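A quick write-up on the structure given underneath.
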Amino acid sequence: MQELEALAEQIRHCTRCRLARNRTHAVPGSGSPTARLMFVGEAPGFHEDQQGLPFVGAAGNLLETLLNEINMTRAQVFITNVVKCRPPDNRDPQPDEIEACRWFLDQQIALIKPSMIVTLGRFSLQLAYSGVSISRGHGQAKRLGDILYYPMFHPAAALHQPGYRSLLEQDMHRIPELLSSMQQIDAAPQPPSRPEQLTLF
Ligand code: SF4
């Protein structure tokens, strides 16, 4: 899709926040421009910054393995982050950096129009829940408008703390059922005007 690529080009040249100073490459995101399922992580790490691609390190390999377990591939989904440039020394992204980059994420969501957004880790969790810890929020699907948000732990957390691996797997294995329920809603006849909806699954 040309508009999505034009947006990616804007991201590659963006200097809206301080993260532009030390990046090697901005990382707009990758995958299907018509994906029904979108993953939003935290920020690019070392390998992502080097290659300009999201989730290409060990955490990316784990995400791909988990996707394969639900019979999906990276090519079928779209993967991005809340900030598109690597924070120095992999520090946490700062609130003003997330705010500066939010417009790009909003545009990506508007262009791709996913049915479901899986947030990975505590920073993208804030897209659906504010003031909720990832320990409490993971696995709690929440519908906002036409999109089902579904928080999961970040794959890097499962690499550093093996106890999280089974929780990540459990949450991932529920995705097909949740996605299917959203597709059935999408396929149903819609009322003339559709009010904002908020549904906990
Ligand atoms: Fe621009 Fe986002 Fe990179 Fe900041 S993190 S420079 S807002 S693309």
Side-chain angles (χ1 to χ4, degrees), residues 1-35 37-64 74-75 77-114 116-134 137-138 144-147 149-160:
M1 186 196 285
Q2 281 183 345
E3 289 161 295
L4 195 62
E5 181 47 36
L7 184 66
E9 202 53 24
Q10 278 188 59
I11 292 169
R12 291 184 191 105
H13 296 98
C14 175
T15 56
R16 286 186 189 200
C17 84
R18 66 182 78 81
L19 296 182
R21 287 184 213 142
N22 298 310
R23 73 181 177 217
T24 310
H25 297 103
V27 183
S30 71
S32 167
T34 57
L37 179 61
M38 189 166 169
F39 288 85
V40 182
E42 178 178 321
F46 174 81
H47 295 288
E48 290 79 12
D49 174 71
Q50 292 292 308
Q51 298 182 39
L53 292 169
F55 283 86
V56 289
N61 290 339
L62 176 54
L63 180 61
E64 208 162 327
R74 284 181 73 117
V77 304
F78 191 87
I79 304 176
T80 189
N81 288 298
V82 288
V83 295
K84 315 300 190 193
C85 301
R86 183 191 179 206
D89 301 320
N90 292 343
R91 66 156 168 77
D92 289 346
Q94 302 298 298
D96 63 326
E97 294 160 356
I98 294 172
E99 183 60 31
C101 213
R102 178 63 192 258
W103 184 84
F104 289 123
L105 180 60
D106 288 343
Q107 292 303 303
Q108 288 175 319
I109 293 170
L111 289 169
I112 295 167
K113 299 183 177 66
M116 184 170 172
I117 293 179
V118 175
T119 66
L120 297 171
R122 61 197 166 106
F123 291 97
S124 53
L125 168 72
Q126 304 306 315
L127 295 173
Y129 294 96
S130 67
V132 174
S133 70
I134 185 67
H138 81 93
L144 292 171
D146 291 333
I147 299 175
Y149 287 82
Y150 184 59
M152 292 186 6
F153 284 102
H154 195 286
L159 292 173
H160 297 132

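On a predicted model such as this, the values are computed, not experimentally measured, just so you know. All ligand and atom numbering here is 1-based and tracks the order in the structure.
Applying the ring-ring contact (aromatic ring centres under 6.0 Å, His included) test to F39 and every residue at least two apart in sequence or in another chain returns nothing. For R12, the side-chain hydrogen bond (donor to acceptor under 3.5 Å, both in side chains) partners at least two apart in sequence or on another chain are E5, E9. Take N22 and apply the side-chain hydrogen bond (donor to acceptor under 3.5 Å, both in side chains) test, not counting sequence neighbours, and it matches no residue.
Atom CD of E3 sits in a sparse spot, with 12 or fewer heavy atoms from other residues, nucleotides or ligands closer than 6.0 Å.
Near R23, meaning under 4.0 Å from one of its heavy atoms, ligand 1 places the atoms 3 (Fe), 6 (S).
Around atom 4 (Fe) of ligand 1, the protein atoms of type N, O or S that sit closer than 2.8 Å are C17 SG.
Between H138 and Y129, the distance separating the two ring centers is not shorter than 6.0 angstrom.
Atom CD in Q2 sits 11.5 Å away from atom CG in L4 (nearest 0.5 Å).
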